[in-house]
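The next block holds one structure in the form of structure tokens; read it before the comments.
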Amino acid sequence: MRAAFRTGAVATLAAAALIMTGCSADTGSEGTADDPIELTYWAWAPNLDKVVDLWNDEHPEIQVTVNKQDGGDPAITKLLTAIKAGSGAPDLIQAEYQKIPTLVSSDALADLSDAGASDLADQFSDGTWDSVTLGGDAVYAIPQDTGPMMFFYRDDIFQQLGLSVPTTWDEYAAVARALHAADPSKYLGTFSANDAGWFAGLAQQAKSEWWSIDGEAWGVGIDEEPTQRVAEYWGGLVQEGVIDNKPMYTPEWNAGLNDGTQVGWLGAVWGPGVLSGNAADTAGLWKAATLPTWGGDASNGNWGGSSTAVTSQSKNVEAAVEFATWLNTDPDAVQALVTETGIYPASTDAAASSLTEAPEFFSNQADFYDVAADAAASVAPFQYGPNVNVAFSAYNDEFAKAAEAKTVDAFLAAVTAMQQVTVDDLESSGFTVAD
Amino acid sequence: MTVTTETRAAVLHDVDAASARRAGRTGRGSNGGDQRVPVAVGSTAVLLLGALYCLLPVAWVLIASTKDASELFSTFTFAPSTHLWDNIVALTEYRDGLYWRWMLNTALYAGVGAIISTYVSALSGYALAKYTFPGKGVVFKVLLMGVLVPGVILAIPQYLLLAQAGLTNTYWSVLLPQLISPYGIYLARIYAAAAVPTDIIESARTEGARELYIFHRIALPMMGPGLVTIFLFQFVAVWNNFMLPYIMLGNDELFPITVGLSGLLNQGASLPAMYTLVITGALLSVVPLIALFLVLQRYWRVDLAAGAVKA
């Protein structure tokens, strides 16, 4: 009987050993068609695998496999877990710009400057390039797409009610009041306490500096005039009741887009995809404009946008950079990105040549991409810090309460609380915070 | 997340219904038929409310899966439409039938995982019930502690361990951690103690049968109904498991349905959530579970409670 148990134990060990040896060692850095370098790429952009197929057809020596992820946040969380565990990370990852400082401070990204990425600087706008270099000599990612914010509105309802398109935030408030007075079920927009990236874009437009580097110390400037101004403005509209206070991307919001109670949306250049997915029947009824400005001062913010980064666990950094460079700067690749994944390319030359026809949902507006180019041209610089996730979740917590309370004071208090949470977290994580 | 809760609610409801039917049958038997049971209006009302609470989400999924994307948000909640087939086609076409791959993956994780897990449970439960060996008490106590630890909190340590072995993002990473089920072993031990008489084992030994032969040919068939219970528990647990595959897997071709569907809802801000696909997918994902319960129900005569009392 004892013997039986012992054999069982040996069998178990043997099985475990078999499984252990299942993981193979990586080969050298030069790939050939017979023994290609294999790269894995975590990304969430839809149909990205079709763009990558173009590369794989032309480059038998470097084969890239796309693992589709669930949007930006889960992929980054997964990557950070794999980095901590010491294995399991992909070679390449699609990283939103606001995630890069967090990833860099966790040593999750490889510096690409030695692999030739520094030469790409002139392909991108300065602001975009800054967000992948964090202002230093290292290059942590290659920009893929940007998300300049835009104002989408229901042209048919505007015409019906004789409303004009707002160009400043004062006009936006006036239109919101007029619209809500004409039909109390309708709103020009909603203040979304779920979308910190959206609010960050609005704050960026107002020229906020949420994070700044001062030597070795981080500065946090959330609770300062520009952001306070934005919060006060939206708090005022919500308090008046002329702007909705429900989050975006909920079934309720989708219903509003369909039945015309949400008459406008402060989205970004990728908005046509969201609108056509949620309210396909309203195609041709919407138009896009640049974001209203603060007193005519041409400035804009980004909502979304991402880059291609190489992880610190990759054993083939050079091959990965070669691929990422092709993906984001080669004219054919960028054209394929535009048609297959519907992104707005970060590469300025490639963007101009590949964005010629308006998206199908906006076929009524031939100059859609001219408006988008205007929106992209005026994006204000913005520095993200190493704890964006903390600040963003503080936004969700605090502004959820404020949107429920519907008072200007609550909105301003939420900004103060965001500042506090962000500073406290930086300090407890061991960063020096400037006063 | 809601999807998982809904499927779980549906499954729980199914378990409830199954046990209610059993209770009904034995109830009639013991009353002999001529005794009148007074109708308890209060408790019936509570039960009806409970049934409504369980069935309403199922009805919602059923009705919502017949609507197309714009109807979903604009028509009356419980007004069915005619797009069920279109939705199934759209779901099938999504990234070349990825959904059905998820379905197969789930069947693999749950089916193969539950079969192996049941076998392991039977083997260990039988050993714990019928053999005396040093450390048996300790093993059993550790096992009982294992029953108390929810699987969810083990997911991260398991991830770190499997990362050491380079096994994350493979089928193994989801299968291996679910092969050992402390609860299953515990049930098997109780069931083996109750259903397999020690005398029979003794006489088999005097006839010269080897230990594994006794286990496979004599004990295993006797433990049958108990093992069906363990299999069903484990199958449902794996089918509904979200956390473990969510943490382990980066490649969506390896995803089970739970993780796949949650991904369709969380596409990030720049993409619309695919509500209709998720709802249709959730509906279809419950069908195999219902089928399994209907088929295995008749083997599932003796439940956990009976085993516990006998032990």
Side-chain angles (χ1 to χ4, degrees), chain A residues 1-2 4-5 8 16 19-20 22-24 40 42 44-47 49 65 67-75 78 81-82 84-90 96 147 195 197-198 248-249 251-252 254-259 268 270-271 273-282 303-304 342-343, chain B residues 64 68-75 94-96 98 120 123-124 127 130-134 156 159-170 172-173 176 205 210-212 215 246-255 259-260 262-276:
Chain A
M1 192 187 314
R2 283 277 175 81
F5 271 106
I19 291 160
M20 300 279 195
C23 59
S24 61
T40 47
W42 286 2
W44 69 88
N47 299 322
D49 44 342
T65 310
N67 284 177
K68 174 145 184 333
Q69 304 294 308
D70 310 344
D73 293 337
K78 235 174 241 184
T81 319
K84 290 230 166 66
S87 87
E96 290 168 298
D195 296 282
W198 171 80
M248 299 169 187
Y249 297 98
E252 201 180 354
N254 287 350
L257 293 180
N258 275 289
D259 64 19
W270 36 257
V274 173
L275 290 174
S276 62
N278 287 338
D281 293 348
T282 60
W303 180 14
I343 58 142
Chain B
D68 70 16
S70 47
E71 285 171 343
L72 184 61
F73 301 116
S74 48
T75 59
Y94 173 72
R95 299 188 48 219
D96 302 330
L98 190 63
V120 170
L123 202 59
S124 349
K130 293 299 170 191
Y131 294 119
T132 40
F133 53 92
I156 297 276
Y159 176 87
L160 295 175
L161 280 174
L162 287 171
Q164 295 289 316
L167 282 178
T168 55
N169 204 8
T170 60
W172 291 110
S173 64
L176 285 179
R205 267 183 206 141
R210 309 193 45 144
E211 292 301 327
L212 272 178
F215 171 70
Y246 180 73
I247 291 177
M248 292 288 181
L249 302 174
N251 179 357
D252 67 353
E253 302 211 326
L254 304 179
F255 280 1
V259 180
S262 115
L264 291 189
L265 272 188
N266 300 304
Q267 298 272 313
S270 58
L271 295 169
M274 303 176 185
Y275 285 105
T276 41

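The figures that follow rest on heavy atoms only: side chains count, while hydrogens, waters and symmetry mates do not. Note on naming: letters A, B, ... go to the chains in the order of the sequence lines (proteins, then strands), and numbering restarts at 1 for each one.
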Check this for me, if you would: do B/E253 and A/K68 make a salt bridge, where the nitrogen-to-carboxylate-oxygen distance has to be below 4.0 angstrom? no
Measure [X] against the heavy atoms of chain A and call it side chain, backbone, both or neither at under 4.5 Å.
X      : value
B/L162 : neither
B/R210 : neither
B/Y159 : side chain

Value for CE (B/M248) from OG1 (B/T170), rounded to nearest 0.5 Å, stands at 8.5 Å
Quick one: CG on A/N67 to OG1 on A/T65, what's the gap to the nearest 0.5 Å? 7.0 Å
Is chain B contacted by the side chain of [X], its backbone, both, or neither, given a heavy-atom distance below 4.5 Å?
X      : answer
A/W198 : neither
A/N254 : both
A/N278 : both
A/P74  : both
A/W44  : both
A/A82  : both

Does the side chain of [Y] come within less than 4.5 Å of [X]'s, by heavy atoms?
X      : Y      : answer
B/F255 : B/Y246 : no
A/L275 : A/T282 : no
B/N251 : B/L249 : no

If we define contacts as heavy-atom pairs under 4.5 Å, which of A/G277, A/S87, A/P251 has the most with chain B? A/P251
Residue set satisfying side-chain hydrogen bond (donor to acceptor under 3.5 Å, both in side chains) with B/N169, at least two apart, ordered chain then number -> none
